[in-house]
Amino acid sequence: MTQPFELPAFYMPYPARLNPHLDEARAHSARWARDMGMLEGSGVWEQSDLDAHDYGLLCAYTHPDCDGPALSLITDWYVWVFFFDDHFLDRYKRSQDRAAGKAHLDRLPRFMPMDLTTPVPEPENPVEAGLADLWARTVPAMSADWRRRFAEATEHLLNESLWELSNINEGRIANPVEYIEMRRKVGGAPWSAGLVEYATAEIPAAVAGTRPLRVLMETFSDGVHLRNDLFSYQREVQDEGELSNGVLVLETFFGCTTQEAADTVNGILTSRLHQFEHTALTEVPALALEKGLAPPEVAAVAAYTRGLQDWQSGGHEWHLRSSRYMNEGALDTSPLAGPTGIGTSAADIGALLSDTGAERFRAYTHVPFQKVGPSLLPDFEMPFPLRLNPHVDAARRHVTAWSHAMGILAEGVWDEDRLDACDLPLCAAGLDPDGSPEALDLSSQWLAWGTYGDDYYPLVFGHRRDLAAARICTERLAGCMPTGVPRGEGAAEAVTVPANGLERGLTDLWPRTTRNMTGRQREAFRHTVVVMMESWLWELANQVQNRIPDPVDYLEMRRATFGSELTMRLCRMGHGPSVPPEVYRSGPVRSLENAAMDYGMLVNDVFSYQKEIEYEGEIHNGILVVQNFFGCDYPAALGIVHDLMTQRMRQFQHVAAHEFPVLYEDFRLSAQARATLDGYVVELQNWMAGILNWHRACRRYAADELAGRTHRFVPDLAPKAPSLTVPR
């Protein structure tokens with residue numbers, strides 16, 4: 001069969017190396033697969049299939065430094081995961097039997113107990129037998145924290161196969177943002193990262209959940225998956241009828257040729273590798289200092305990072321050689337092809353120094369305060385009706401009085417006219433059209449506090465390039481949110497004694513909001529606020545470097561900087577206990593929320609383009625990010641962003657109409673829980689309609705409003721001391 005496109009020139013900065021225990025791993029994995037029933041008689045593989053796929057070579061390339069027993073164990077894991085994938089395809093995807101597929105997946109977590117003394121069921125098929133054996137052989141060497149994280153990654157890998165099966169059933173191709181987001185889970189690279197820890201060093205628990213380590217894993221994941229999509233397009237799309245392939249997604253989304261889509265996928269892959277390198281070289285060392293890691297812990301993080309690099313390089317070498325993939329001509333041995341052999345894919349200087357270098361440099365070359373003129377506004381798709389809370393006028397009066405009382409209007413960042421131009425009660429009135437006067441006041445004041453903080457950080461800390469003071473500010477704000485029981489009911493946690501408008505505002509809002517929450521609910525809500533504040537620090541770090549982020553990283557962080565999680569968490573407050581927490585963590589609910597978040601934040605980027613680019617010298621705007629990444633002009637970038645917004649709106653509608661009914665059945669939700677989630681869909685519809693209406697009606701982004709203002713430098717507003725004060 002003719003290849004559907006020519007493989008692009010890959011960015012490969014690290015040479016691959018081969019583990020010397022390759023033959024040992026090959027022989028062991030062949031015996032193990034036969035013992036587990038995966039070969040002759042399974043109906044899925046024969047010995048010839050296993051030999052041709054050569055997972056021993058994959059693991060020897062991707063884990064070049066571990067010893068023989070460790071390499072054999074890791075190879076067994078990869079034999080198992082690829083067998084699971086082919087078994088699921090043969091048994092459930094081809095027959096489109098979702099019910100049987102779900103029943104198969106529901107049993108598998110029972111073979112991964114945190115405590116090995118917990119009995120497991122008797123395996124009924126090779127997938128279960130392999131998982132039971134591997135889990136028992138692997139987890140004794142690893143901590144409880146690793147076990148939890150690896151089990152979660154394995155469950156994601158297994159359960160998100162239902163997402164792929166549902167898309168096949170509906171004949172639906174995902175949009176690009178949704179695809180990259182979901183591909184991380186179903187593609188298994190977070191799972192592979194867990195095995196990198198096994199092979200190299202376990203990540204210290206103190207940093208395992210931090211943003212820099214998460215970005216390392218996610219950019220690693222994107223690189224692995226996008227590379228696999230390029231090599232597996234022919235097998236997946238043309239042979240298996242698979243719809244979850246990045247080349248097909250972009251081919252469909254942009255209406256371009258297969259070759260153009262493949263080249264674009266490779267460009268995104270390169271950008272994600274650049275993001276990996278940027279995070280590893282700048283954010284991870286800063287994190288080690290911030291957390292006070294001991295030398296052995298720093299060495300563990302460094303070994304893990306190197307292990308992820310080895311996986312990228314080794315995985316590429318394996319894709320060039322495995323019969324599983326499209327790689328015709330990829331190992332050209334002609335004299336004109338340059339050096340050949342192990343690791344020489346990283347010796348292609350032309351590929352390393354061609355446009356990839358220009359792409360990396362372009363992210364740092366933006367000239368701020370360029371005159372761009374009034375923001376261009378497209379026809380926004382909004383199928384949901386706008387409803388406004390009737391108490392909005394009173395909320396306007398109250399938010400002004402509250403802002404004065406907190407000192408927010410006396411620090412040189414905002415004045416009363418600027419607060420009025422924001423008209424945040426109008427936004428709150430659309431988000432919560434049925435709320436009480438007290439609830440509307442609370443949400444209006446949260447919006448005022450969050451919007452003020454979003455303006456405060458770049459103006460106070462950004463122009464001074466003072467990241468240290470910004471971190472102190474964030475630490476003090478975190479101290480304003482105790483998660484223990486309120487005063488009068490027992491011991492309280494240490495809190496910051498407020499010294500400025502941001503601290504006074506948060507100290508006032510926190511007890512009013514969390515009064516009726518459990519300790520766990522307070523912790524979750526506090527985490528949401530802290531994530532938003534840390535995203536402001538991420539923006540400051542980019543501002544200091546004059547670095548425009550890449551689109552994938554930007555979209556994910558923008559959900560936090562826009563405060564979307566915060567406002568949605570406020571929406572959930574009245575839902576009660578009828579909806580289990582795991583439902584909110586499920587793929588369909590997160591997909592619904594992310595679609596709504598992306599729509600809202602991109603609306604903001606469209607309206608705020610002139611304000612941010614021309615008047616504030618900002619670099620965190622989706623249109624500018626697209627301009628920089630694709631090298632296009634403002635109208636073209638606006639077209640891409642507008643199309644993405646439209647796709648996210650349609651994705652929201654698709655999830656609500658098609659995936660939520662399946663979710664209800666999968667979790668066997670009660671009638672009350674279903675009604676609560678149906679109501680949540682309406683709340684998010686109100687959220688999007690209210691966000692769009694607010695941007696259209698407030699003065700904050702209007703050209704004449706911007707022309708009458710300048711943002712002046714405020715020199716001395718940073719906190720003077722890092723200490724937290726314990727009340728007596």
Side-chain angles (χ1 to χ4, degrees), residues 377 380 382 384-411 413-456 501-502 504-516 562-564 566-574 596 599-601 603-604 607-608 611 679-680 682-706 708-709:
L377 304 180
F380 297 96
M382 178 47 66
F384 311 124
L386 172 71
R387 297 169 53 233
L388 291 177
N389 192 301
H391 307 295
V392 63
D393 288 335
R396 285 176 172 130
R397 296 192 299 272
H398 296 161
V399 78
T400 300
W402 180 83
S403 298
H404 275 296
M406 298 300 106
I408 285 174
L409 305 182
E411 296 180 330
V413 177
W414 275 10
D415 54 24
E416 189 170 317
D417 183 61
R418 183 157 300 187
L419 175 65
D420 291 343
C422 291
D423 198 4
L424 294 161
L426 176 64
C427 185
L431 304 186
D432 188 13
D434 301 314
S436 66
E438 295 76 17
L440 187 63
D441 281 342
L442 185 63
S443 58
S444 298
Q445 290 159 21
W446 267 113
L447 288 175
W449 181 85
T451 306
Y452 180 69
D454 193 43
D455 285 353
Y456 183 98
L502 272 177
R504 281 187 291 271
L506 188 54
T507 300
D508 176 76
L509 290 168
W510 184 254
R512 293 163 55 199
T513 307
T514 62
R515 184 174 295 114
N516 297 319
F562 188 53
S564 306
L566 172 62
T567 54
M568 288 183 182
R569 181 74 66 173
L570 291 171
C571 285
R572 288 187 193 173
M573 282 172 50
Y599 184 89
M601 72 190 189
V603 164
N604 180 263
F607 275 89
S608 65
K611 169 181 172 288
Y680 189 39
V682 174
E683 289 172 341
L684 295 181
Q685 292 172 353
N686 292 335
W687 190 89
M688 290 187 286
I691 290 287
L692 179 58
N693 176 71
W694 174 68
H695 280 89
R696 283 172 167 162
C698 76
R699 292 187 287 121
R700 179 175 169 89
Y701 307 105
D704 54 352
E705 172 76 14
L706 295 172
R709 290 190 179 276

Considering only heavy atoms from C-beta outward, does the side chain of [X] approach that of [Y] to under 4.5 Å?
X      : Y      : answer
Tyr599 : Phe380 : yes
Leu502 : Trp449 : yes
Leu388 : Pro433 : no
Leu409 : Asp415 : no
Leu424 : Val399 : no

Spacing of [atom1] belonging to [X] relative to [atom2] belonging to [Y], to within rounding of 0.5 Å:
X      : Y      : atom1 : atom2 : result
Thr514 : Trp510 : OG1   : CH2   : 5.5 Å
Ser403 : Arg418 : OG    : CZ    : 13.5 Å
His398 : Glu438 : NE2   : CD    : 9.5 Å
Trp694 : Leu426 : CH2   : CG    : 9.0 Å
Trp402 : Ile408 : CH2   : CD1   : 4.0 Å
Arg396 : Asp423 : CZ    : CG    : 4.0 Å

With sequence neighbours left out, write down each residue that passes side chain to side chain contact (heavy atoms under 4.5 Å, CB included) with [X], or none if nothing qualifies.
X      : value
Asp420 : Thr400, Glu416, Arg699
Ala703 : Pro374, Gln610
His695 : Phe562, Val603, Asn604, Phe607, Ile691, Tyr701

Looking at [X] and [Y], does any basic side-chain N land under 4.0 Å from a carboxylate oxygen?
X      : Y      : value
Asp441 : Arg397 : no
Arg512 : Asp508 : yes
Asp434 : Arg387 : yes

Side chain of [X], backbone of [Y]: donor and acceptor closer than 3.5 Å?
X      : Y      : value
Thr451 : Ala448 : no
Arg700 : Cys422 : no
Asn389 : Asp432 : yes
Ser608 : Lys611 : no
Trp414 : Tyr452 : no

Compare every heavy atom of Ala395 with every heavy atom of Ser444, then report the nearest pair and how far apart it is. OG-CB, 3.9 Å
List the atom of Gly501, the atom of Glu411, and the distance in Å for their closest heavy-atom pair. N-OE2, 2.7 Å
Test log, rule side-chain contact (heavy atoms from CB on, under 4.5 Å), inputs Asn693 and Met688: CA-CA 9 Å; Asn693 176 71; Met688 290 187 286; over 6 Å; no
